[in-house]
Trainee: 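This is the structure, below, for whatever I ask next.
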Amino acid sequence: MSTQVEQLEAAVKSAIERAVSAGSFDAAVPETIVLERPKNRDHGDYATSVALQLAKPAGKNPREVAQIICDQLMGTDGISKVDIAGPGFINITLNRADQAALVSTIMKAKADYGKVNALAGVSINLEFISANPTGPLHLGHTRWAAVGDSLGRVLTAAGAQVVREFYINDRGNQMDLFGASVEAAALGKPIPEDGYQGGYIADLAAQVIASDPGITSLPEGERHPAFREAAYAVQLKDQQRVLETFGTHFDVWFSERSLHDQGAVEHGLDKLRSQGHVFEEEGAIWLRTTDFGDDKDRVLTKSDGSLTYFSSDTAYYINKRERGFDICIYMLGADHHGYVGRLKAIAACAGDDPEYNIHVLIGQLVKIMEGGEEVKLSKRAGTIITLEELVEKVGVDAARYTLIRYPVDTPMVMDIDVLKRNTNENPVYYVQYAHARIAAVLRNASELNISVDLKDFDSSQLIHDRENQLLGALAEFPRVVQTAAELRQPHRIARYLEELAGTYHGFYADCRVLPMGEENSSPLHTARLLLCASTKQVIKNGLDLLGVSAPERM
RNA sequence: GUCCCCGUAGCUCAGUGGAUAGAGCAACCGCCUCCUAAGCGGUAGGUCGCAGGUUCAACUCCCGCCGGGGACACCA
């Protein structure tokens with residue numbers, strides 16, 4: 001089923017085609033017509049600047065072109081008025097009753113309203129967080145936990161096949177240090193100097209001992225790996241538990257070790273060799289990433305024969321592609337932006353198109369304020385804020401919503417004190433409140449036995465400005481989902497919901513939904529109720545994309 | 001030195017080349033004897049860091065500068 005905007009776009013396009021074939025002007029018909037919702041209500045329901053774009057190739061002045069298009073557009077089904085404004089904008093006003101048909105569309109589609117097929121048939125691997133299993137998830141991971149999860153939902157809504165993946169860096173030096181730290185804590189010895197100092201190490205030690213009391217009396221050679229493995233298992237499980245309570249689900253937990261066990265590194269190396277970008281120098285094996293814009297070549301195998309972290313990255317990428325993913329999305333912190341070039345180079349070296357097959361999102365840091373002051377985060381000083389602590393302080397909904405609400409490339413400041421408040425300084429409540437408010441109206445309607453049945457819906461009732469505005473906002477939802485998916489920007493969903501909630505509140509203030517006092521119910525009441533129900537559905541659908549709850553009561 | 005991100009209202013921030021640059025908070029003024037006031041309406045608040053360029057049109061794209069943050073290992 002095509003949306004209102006798609007129909008309108010087709011209409012404008014065909015108007016241009018008719019004008020061209022009638023010889024009114026000569027220009028190539030644009031692939032897509034940009035239709036925007038004007039900020040100013042006097043400029044109609046939709047506006048387009050095609051005439052301005054076509055003026056030059058057509059060799060006419062823009063208003064003339066606009067006039068020709070308007071003439072062709074006049075009389076199109078559903079369009080009630082077409083105006084030319086300013087330098088040559090075409091302002092289109094739709095027939096109000098026709099727009100109200102959207103209510104049936106939404107009520108029938110329910111949870112499916114907003115799904116689009118922009119990414120249909122595309123298989124996407126979405127990797128995010130990928131923390132070391134050597135400590136609790138902290139604030140930096142939390143931004144990704146919220147945004148990554150939401151992006152997964154948005155991409156799915158846009159038709160993509162999405163696998164959410166967490167890469168476990170369970171190999172190498174850090175793991176040994178981690179194991180040694182927990183072991184030292186368990187034995188009451190001082191933590192190694194370059195080891196992990198956080199308070200959680202003692203807790204881990206206690207848990208490890210509790211589940212395996214004999215571990216401390218193992219001979220040293222066995223004790224060391226035993227501690228490492230036990231602590232790893234406990235810590236990973238903890239990360240998984242915390243993420244589930246946060247509503248972030250992963251389809252695949254991919255262990256770096258398993259990559260090596262499968263021989264994926266050698267396999268990756270072979271593949272890269274066959275593409276001709278591997279060379280040997282000073283006893284090490286290198287990948288010539290500078291062939292593709294990286295600032296220096298990267299070592300795969302060190303001169304002592306051991307593998308670099310980079311070799312895991314290459315193997316992992318190749319592994320993902322061989323598992324059938326078209327697009328690999330990586331969500332990295334700002335401190336890793338230097339990886340972008342080499343990741344893209346990996347793709348290029350593997351014979352892929354780095355502009356299509358790899359997409360790297362760089363997230364800026366989150367600052368946190370509490371009690372009017374910035375909380376300095378420092379592992380050493382023990383002032384790290386974990387995901388779990390944040391949720392304890394402000395709740396899952398507020399934490400998720402706030403983190404998703406901003407584009408990831410802006411550094412953001414979270415004010416804990418504001419998020420703790422149940423006021424609309426906290427935008428999540430503004431949106432949730434609209435949902436709860438509608439739920440209340442619908443409950444009251446059901447007590448009054450007023451029909452909310454679509455077969456009693458009379459679209460010609462909805463002609464009030466506020467109703468029209470609300471319908472316009474509802475019609476935007478699929479476009480917003482599509483843009484959010486294409487640009488990988490879930491914050492657009494949140495911003496849209498705030499606008500929709502605002503439009504609803506305005507409608508609610510000016511348009512009485514239920515009968516007053518002894519008044520009998522009329523078709524207008526039913527029509528407005530259905531408009532409310534549609535709005536509730538869209539808010540719910542949007543909040544679902546954010547992983548934020550849509551309460552029936554507040 | 002090279003690279004990335006940011007600079008928009010008092011504060012926190014939106015704005016994928018379009019018309020008079022927006023929202024929330026903070027300030028001020030109004031609105032509950034009937035559907036949730038966690039709401040609505042209004043007033044005030046701006047040289048979109050600075051200077052060039054491209055364009056019919058620039059907060060948006062390009063170049064240079066200024067200011068803030070971050071990154072540049074045969075580390076993981």
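Both backbone and side-chain heavy atoms feed into the values below; hydrogens, waters and symmetry mates do not. Each chain gets a letter, A, B and so on, in the order its sequence line appears, and its residues count up from 1.
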Trainee: Sub-3.5 Å donor-acceptor pair from the side chain of S311(A) to the main-chain atoms of T308(A), do we have one?
Mentor: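 Yes; judged by distance alone, with no hydrogens or angles, the pair exists.
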Trainee: Could you measure between the two P atoms, the one in G17(B) and the one in C61(B), and give it in whole Å?
Mentor: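 It comes out at 8 Å once rounded to the nearest Å.
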Trainee: Has Y508(A) got its ring stacked on the base of C35(B), with centres under 5.5 Å and planes less than 30° apart?
Mentor: yes
Trainee: Using a distance-only criterion (donor-acceptor N/O pair, under 3.5 Å, no hydrogens), is the base of C75(B) paired with the side chain of Q174(A)?
Mentor: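 Side chain to base: no pair present.
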Trainee: G68(B) and U55(B): how far apart are their P atoms, nearest whole angstrom?
Mentor: 35 Å
Trainee: Answer yes when E498(A) and R405(A) have at least one side-chain N-carboxylate O distance shorter than 4.0 Å, and no when they do not.
Mentor: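 Result for this pair is yes, salt bridge flagged.
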Trainee: Using a 4.0 Å heavy-atom cut-off, does R528(A) contact any base of the nucleic acid, only the sugar-phosphate backbone, or nothing at all?
Mentor: nothing
Trainee: For Q53(A) and G17(B), what is the distance between atoms CD and P respectively, to the nearest whole Å?
Mentor: 11 Å
Trainee: Considering just the side-chain nitrogens and oxygens of K302(A), establish if one lies under 4.0 Å of OP1 or OP2 belonging to A73(B).
Mentor: no
Trainee: Could you tell me the separation between the CD atom of Q364(A) and the P atom of C4(B), rounded to a whole number of Å?
Mentor: 13 Å
Trainee: K56(A) side chain: which of U55(B), A14(B), C40(B) is closest?
Mentor: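 The nucleotide sitting nearest to the side chain is U55(B).
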Trainee: So what does A47(A) touch, heavy atoms closer than 4.0 Å: a base, only the sugar-phosphate, or nothing?
Mentor: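 Counting heavy atoms under 4.0 Å across all strands, the contact made by A47(A) includes a base.
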Trainee: Looking for any heavy atom pair under 4.0 Å, which part of the strands does V513(A) touch: base, sugar-phosphate only, or nothing?
Mentor: base
Trainee: Using the P atom in both, what is the distance from G69(B) to U54(B), to the nearest Å?
Mentor: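 About 35 Å, rounded to a whole number of Å.
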Trainee: Among side-chain atoms of S549(A) and D397(A), is any donor-acceptor pair under 3.5 angstrom?
Mentor: yes
Trainee: Watson-Crick or G-U wobble partner for C50(B), using a 3.5 Å limit on both distances?
Mentor: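 Check on C50(B): paired to G64(B), both distances under 3.5 Å.
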Trainee: On a whole-Å scale, what distance lies between the C1' atoms belonging to G18(B) and A57(B)?
Mentor: 6 Å
Trainee: For A57(B), what is the paired nucleotide under Watson-Crick or G-U wobble rules, both distances under 3.5 Å?
Mentor: none
Trainee: Taking only the C1' atom of each, what is the distance from G67(B) to C48(B) in whole angstrom?
Mentor: 16 Å
Trainee: At under 4.0 Å between heavy atoms, what does N40(A) touch on the DNA or RNA strands: base, sugar-phosphate, or nothing?
Mentor: base
Trainee: Taking a pair as Watson-Crick or G-U wobble with both distances under 3.5 Å, which nucleotide is matched to A23(B)?
Mentor: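 Across all strands, the one nucleotide that pairs with A23(B) is U12(B).
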Trainee: May I ask you to decide if K296(A)'s main-chain N or O and T289(A)'s side chain share a donor-acceptor pair within less than 3.5 Å?
Mentor: yes
Trainee: Quick one: E499(A) CD to C40(B) C1', roughly how many Å, whole number?
Mentor: 17 Å
Trainee: Check this one for me: any side-chain N or O of K39(A) less than 4.0 Å away from OP1 or OP2 of A19(B)?
Mentor: yes
Trainee: So which nucleotide from A71(B), G18(B), U36(B) ends up closest to the side chain of E36(A)?
Mentor: G18(B)
Trainee: Give me the distance, rounded to whole Å, that separates A71(B) from C59(B) when you measure between the C1' atoms they each carry.
Mentor: 27 Å
Trainee: Considering just the side-chain nitrogens and oxygens of N444(A), establish if one lies under 4.0 Å of OP1 or OP2 belonging to U36(B).
Mentor: yes
Trainee: Regarding A85(A), tell me which of base, sugar-phosphate or nothing describes its non-hydrogen contacts under 4.0 Å with the strands shown.
Mentor: base
Trainee: Judged by each residue's nearest nucleotide on RNA chain B, which is more toward the 5′ side, E552(A) or I90(A)?
Mentor: I90(A)
Trainee: Both distances under 3.5 Å, Watson-Crick or G-U wobble: report the partner of C72(B), or none.
Mentor: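 Here C72(B) is engaged in a pair, and the nucleotide opposite it is G1(B).
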Trainee: Under 4.0 Å, counting only non-hydrogen atoms across every strand here, what does M412(A) touch: a base, just sugar-phosphate, or nothing?
Mentor: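 Since only primed, P, OP1 and OP2 atoms lie under 4.0 Å of M412(A), the category is sugar-phosphate.
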Trainee: Per the atom types in the model, does the base of A19(B) pair as donor or acceptor with the side chain of N91(A) at under 3.5 Å?
Mentor: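 It does, because a donor-acceptor pair links the side chain of N91(A) to the base of A19(B) below 3.5 Å.
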Trainee: H43(A) near the nucleic acid: base, sugar-phosphate alone, or nothing, with a heavy-atom cut-off under 4.0 Å?
Mentor: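 It contacts base atoms.
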Trainee: Of the candidate nucleotides G18(B), U16(B), G70(B), which contains the atom at the shortest distance from the side chain of S49(A)?
Mentor: G18(B)
Trainee: So what does A334(A) touch, heavy atoms closer than 4.0 Å: a base, only the sugar-phosphate, or nothing?
Mentor: sugar-phosphate
Trainee: By nearest heavy atom, map F507(A) and R298(A) onto RNA chain B; which one lands nearer the 5' end?
Mentor: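 Whichever sits nearer the 5' end wins; that is F507(A).
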Trainee: Is R298(A) salt-bridged to D294(A), going by a charged N under 4.0 Å from an acidic O?
Mentor: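 Judged by the 4.0 Å cut-off on N to carboxylate O distance, R298(A) and D294(A) do form a salt bridge.
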Trainee: Is the shortest side-chain N/O distance from R437(A) to OP1 or OP2 of A37(B) below 4.0 Å?
Mentor: yes
Trainee: Side-chain N or O of H491(A) less than 4.0 angstrom from OP1 or OP2 on G15(B)?
Mentor: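 Yes, such a contact exists.
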Trainee: Just to verify, what does Y167(A) make a ring pair (Phe, Tyr, Trp, His ring centres under 6.0 Å) with, not counting sequence neighbours?
Mentor: Y316(A)
Trainee: Flag the pair E552(A) and K536(A) as a salt bridge only when some basic side-chain nitrogen lies within less than 4.0 angstrom of an acidic carboxylate oxygen.
Mentor: yes
Trainee: Starting at CZ of R495(A) and ending at P of G24(B), how long is that distance when rounded to a whole Å?
Mentor: 12 Å
Trainee: Any strand counts, and the cut-off is 3.5 Å on both contacts for Watson-Crick or G-U wobble. Which nucleotide pairs with C28(B)?
Mentor: G42(B)
Trainee: Does one side chain, of Q482(A) or R479(A), offer a donor that lies under 3.5 Å from an acceptor on the other?
Mentor: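 No, no side-chain donor-acceptor pair sits under 3.5 Å.
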Trainee: Are Y430(A) and C40(B) close enough that a side-chain N or O sits under 4.0 Å from OP1 or OP2?
Mentor: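 Looking at the OP1 and OP2 atoms of C40(B), one of them is under 4.0 Å from a side-chain N or O of Y430(A).
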Trainee: Counting the atoms with a prime plus P, OP1 and OP2 as sugar-phosphate, which does P411(A) contact under 4.0 Å by heavy atoms, base, sugar-phosphate, or nothing?
Mentor: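 Sugar-phosphate only.
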Trainee: Using a heavy-atom cut-off of under 4.0 Å over every strand shown, decide if T410(A) touches base, sugar-phosphate, or nothing.
Mentor: sugar-phosphate
Trainee: Please state the C1' separation for the pair U60(B) and G24(B) - nearest whole angstrom.
Mentor: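 Their C1' atoms lie roughly 23 Å apart.
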Trainee: Just call it for R512(A): base, sugar-phosphate, or nothing, with non-hydrogen atoms closer than 4.0 Å on any strand.
Mentor: base
Trainee: Find the distance D294(A):CG to U2(B):P and express it as a whole number of Å.
Mentor: 18 Å
Trainee: Starting from C1' on U60(B), measure out to CG on D409(A) and report it in whole angstrom.
Mentor: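 About 14 Å, once rounded to whole Å.
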Trainee: Can you tell me whether the side chain of H337(A) and the base of C72(B) have a donor-acceptor pair closer than 3.5 Å?
Mentor: no
Trainee: If you look at every strand shown and take non-hydrogen atoms under 4.0 Å, does P515(A) touch a base, only sugar-phosphate, or nothing?
Mentor: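 Nothing, no heavy atom under 4.0 Å.
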Trainee: Have a look at L52(A) and say if it touches a base, only the backbone sugar-phosphate, or nothing, with a 4.0 Å heavy-atom cut-off.
Mentor: base
Trainee: When rounded to the nearest Å, what value does the distance between C1' atoms of A14(B) and G46(B) take?
Mentor: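 Looking at atom C1' only, A14(B) and G46(B) are 15 Å apart.
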Trainee: For C40(B), measure the glycosidic angle (O4'-C1'-N9-C4 for a purine, O4'-C1'-N1-C2 for a pyrimidine) and name it syn if it falls within 90° of 0, otherwise anti.
Mentor: anti
Trainee: Counting the atoms with a prime plus P, OP1 and OP2 as sugar-phosphate, which does F89(A) contact under 4.0 Å by heavy atoms, base, sugar-phosphate, or nothing?
Mentor: base
Trainee: Take the protein atom CG of L448(A) and the nucleotide atom P of C34(B), then report the distance between them rounded to whole Å.
Mentor: 16 Å
Trainee: Would a distance-only check, ignoring hydrogens and angles, find a side-chain to backbone donor-acceptor pair under 3.5 Å from R63(A) to G86(A)?
Mentor: yes
Trainee: Pairing check on U33(B): which nucleotide meets the Watson-Crick or G-U wobble criteria with it, both distances under 3.5 Å?
Mentor: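 Base partner found: none.
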Trainee: Any side-chain N or O of K296(A) less than 4.0 Å from the OP1 or OP2 oxygen of A73(B)?
Mentor: yes
Trainee: How many whole angstroms separate atom CD1 of I84(A) from atom C1' of C56(B)?
Mentor: 16 Å
Trainee: Quick one about D170(A) and S255(A) (side-chain donor to acceptor, distance below 3.5 Å, no hydrogens or angles considered), yes or no?
Mentor: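 Yes, a side-chain donor-acceptor pair sits under 3.5 Å.
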